[in-house]
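Structure, as structure tokens:
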Amino acid sequence: MATYLTVLASASLTNCCLAFTRSTILAAARRASAAPPPFTSITIPRSATTQPRNQRWTNTKRKPFALSSTETPTNDEITESSSSSAATTTEDDDEALANLQSPFLQTMRDRGFLFQCTNLSELDALLNDAASKNESISAYLGFDATADSLHVGSLLQIMILRHLQQCGHRPIVLVGGGTSKVGDPTGKDESRILLTDEVIKKNTDGISKAFQKFLTFGDSNPNDAIMVNNDDWLSGLKYLQFLRDYGTHFTINRMLSFESVKQRLSREAPFSFLEFNYMILQAYDFLELNRRHNAKLQLGGSDQWGNMISGVELGRRVDGVQLYALTAPLITTSDGKKMGKTAGGAVWLNADKLSEYDYWQFWRNTSDDDVIRFLKLFTELPLEEIEKMEGWTGAEINKAKIVLADEATALLHGRECLAAIHDTIDTMFKGGKGGYASTEGLNRVFVSEDDIISENGVKIIDMFVRLGLASSKKEARRLVQGGGARLGDDKISDENAILTKDDFGNNKEVTLRAGKKRAGVVELK
């Protein structure tokens, strides 16, 4: 009987938990949105950045959205597709945007980086006052170590840090060695795979390479960048003490209103307690960085807005400090696709994962509708030069794409690599310069003669995958079946074909082509 009652009680508890999940989550979220935040925030519509620069902040027909100080940001208001009914527009907000004085915020506004900001006028005064005294304000941006290289989707955030440093302020690159042990649930339908300490260390070393290309690190100048790892303080926390000191400053009601949480619960997808703690740890990072490095501003994508606001509030409640948060819009292409992915996979920033040539081709293949926007975001060309290209069409817009590809590639890999890339394009794809086609700018893999003459040989479809010309063997086979795969100038018709010594002839390399513009080299060791 006792066993039966225990089972019955357990079943009742389970049903109650399910009922809570399905019937009270949204009600709790609505109650959370009634609490006023201790700051004002402003949200900029993406359409505002498409206006001519001299009219953008004075045209009353296109006012930015603002959230009044009596409202908590709702989930609709923290997305790029906010509607005019989602927030209140005020003349003060319009005036604040038009009259920004700090060079950093002016750059963020004019080039299309500025999407949301807390206490914009106060932040502008803080940055401008520091500049007038030849002082710097420290701002940070976090990057979790989920892969051994960042991809082009992270480039927007890196460019923000670069502009910050060029305006005389200090960038803090926060590598999430600690938060990577938990996993950011934002935008995910399921839990991330837990990474081992060894993998996180390898990934941390890998993603650190990209920052060296864009930022100046050191300790001799006020605006020299620094790189820190949140594992230094998160892994040593004592759980009960942490809960007592900081847990009281977070309400479950508010946390349930965050978009990352609501999306998972609405799909009835499992949401672990481990992931639920991520937002608390991110907020604590801001507090710790303020204490250690006097960080006043957190930068990030608009999908992190809720977590960033929690950090601003935690600093005020615990240490009584005024902190700020500023987000950039989530970048998608004109056809609605997420930035940073191609048919061949992710567009990596590390050269050992994606060649300079393939990186250049990614930007060259930008759609007509995205060229001007990407020139503003991902290059340092003066806005006056970019605006001259806004009316370009036809062959001229292709020239703008080459400018975009050149400038973006030069920032990451150095301008010296452009000559080899253009030489490869001219000789391989345009028939220029005559004679031997240069392959210097192409990605390449190496095989040995022993591999070639072995029993299984070297399958050509495997080489397409290794070169990044196909994301999988299945895609490589489709490429062969569709007639888009070539060995040199010869079409590959057999998806099971292998490389032979005869394919190399008297040369040490062969060229594999995928379509008209993508190619790679297989070289004999």
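Heavy-atom basis, side chains included; hydrogens, waters and symmetry copies ignored.
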Partner residues of Asp451 under the salt bridge (Lys or Arg N to Asp or Glu O under 4.0 Å) criterion, sequence neighbours left out: none
By salt bridge (Lys or Arg N to Asp or Glu O under 4.0 Å), Asp352 pairs with (sequence neighbours left out) Lys209
Do His163 and Phe113 have their ring centres less than 6.0 Å from each other? yes
Residue pair Trp360 / Asp406, side-chain donor-acceptor N/O under 3.5 Å: yes
Mind telling me whether Trp363 and Phe378 have parallel, tilted or perpendicular rings, with 30° and 60° as the class edges? tilted
Does Phe143 have any ring pair (Phe, Tyr, Trp, His ring centres under 6.0 Å) partners at least two apart in sequence or in another chain, and if so, which? Phe211
Is a side-chain donor-acceptor pair under 3.5 Å present for Thr179 with Asn230? yes
Name the one of Glu385, Glu384, Glu390 that satisfies salt bridge (Lys or Arg N to Asp or Glu O under 4.0 Å) with Lys376? Glu390
Neighbour count above 12 (heavy atom, 6.0 Å) for Asp219 CG: no
Say whether, by atom type as modelled, one donor and one acceptor occur between the side chain of Ser154 and the main chain of Leu150 under 3.5 angstrom. no
Are the side chain of Asp370 and the backbone N or O of Ser334 linked by a donor-acceptor pair below 3.5 Å? yes
Using modelled atom types and a 3.5 Å cut-off, is there a donor and acceptor pairing between side-chain atoms of Asn203 and backbone atoms of Asp148? yes
Taking only residues two or more places apart in sequence, or in another chain, which ones meet Gln481 in a side chain to side chain donor-acceptor pair (under 3.5 Å)? Glu495
Who passes side chain to side chain donor-acceptor pair (under 3.5 Å) against Asn99, sequence neighbours left out? none
Keeping to residues at least two apart or across chains, list the side-chain hydrogen bond (donor to acceptor under 3.5 Å, both in side chains) pairs with something in residues 392-404. Asp368-Lys401
Assess, by modelled atom type and distance only, whether the side chains of Arg170 and Ser136 contain a donor and an acceptor separated by less than 3.5 Å. no
Name all residues meeting the ring pair (Phe, Tyr, Trp, His ring centres under 6.0 Å) criterion together with Phe104; count only those two or more places apart in sequence or in a different chain, and write none if there are none. none
Could you work out, with salt bridge (Lys or Arg N to Asp or Glu O under 4.0 Å) as the rule, every residue matching Glu380, not counting sequence neighbours? Arg162
Can you name the residues that form a salt bridge (Lys or Arg N to Asp or Glu O under 4.0 Å) with Asp224, not counting sequence neighbours? none
Quick one: does any side-chain atom of Ser149 pair with a main-chain N or O of Asn350 as donor and acceptor, under 3.5 Å? yes
For the side chain of Arg364 and the backbone of Ala405, is there at least one donor-acceptor N/O pair under 3.5 Å apart? no
Residues Tyr324 and Gln298: side-chain donor-acceptor under 3.5 angstrom: no
Can you name the nearest heavy-atom pair linking Leu375 to Leu381, along with the distance? CD2-CD1, 4.0 Å
Run the salt-bridge test on Asp462 and Arg466 with the 4.0 Å N-O cut-off and return the result as yes or no. no
Would you say NZ of Lys459 has more than 12 non-hydrogen atoms from neighbouring residues, nucleotides or ligands within 6.0 angstrom? no
Leu349 versus Ala210, closest heavy-atom pair with distance: CD1-CB, 4.2 Å
Using modelled atom types and a 3.5 Å cut-off, is there a donor and acceptor pairing between side-chain atoms of Thr118 and backbone atoms of Ala325? yes
By ring pair (Phe, Tyr, Trp, His ring centres under 6.0 Å), Phe214 pairs with (sequence neighbours left out) none
Identify the two heavy atoms, one from Ala295 and one from Ile172, that lie closest to each other, and give their separation to 0.1 Å. CB-CD1, 4.0 Å
Pair Thr333, Asp335: side-chain N/O donor-acceptor within cut-off below 3.5 Å: yes
Any residue meeting side chain to side chain donor-acceptor pair (under 3.5 Å) with Gln157, in chain and number order, not counting sequence neighbours: none
Of all the heavy-atom pairs spanning Ala328 and Leu156, show the shortest one and how long it is. CB-CD2, 3.7 Å
Kindly write out the residues that satisfy side chain to side chain donor-acceptor pair (under 3.5 Å) with Arg415, not counting sequence neighbours, or none if the list is empty. Glu407
Short side-chain to backbone donor-acceptor contact, Thr379 and Ala408, under 3.5 Å: no
Is the backbone N or O of Gly153 less than 3.5 Å from a side-chain atom of His151, with the two atoms forming a donor-acceptor pair by type? yes
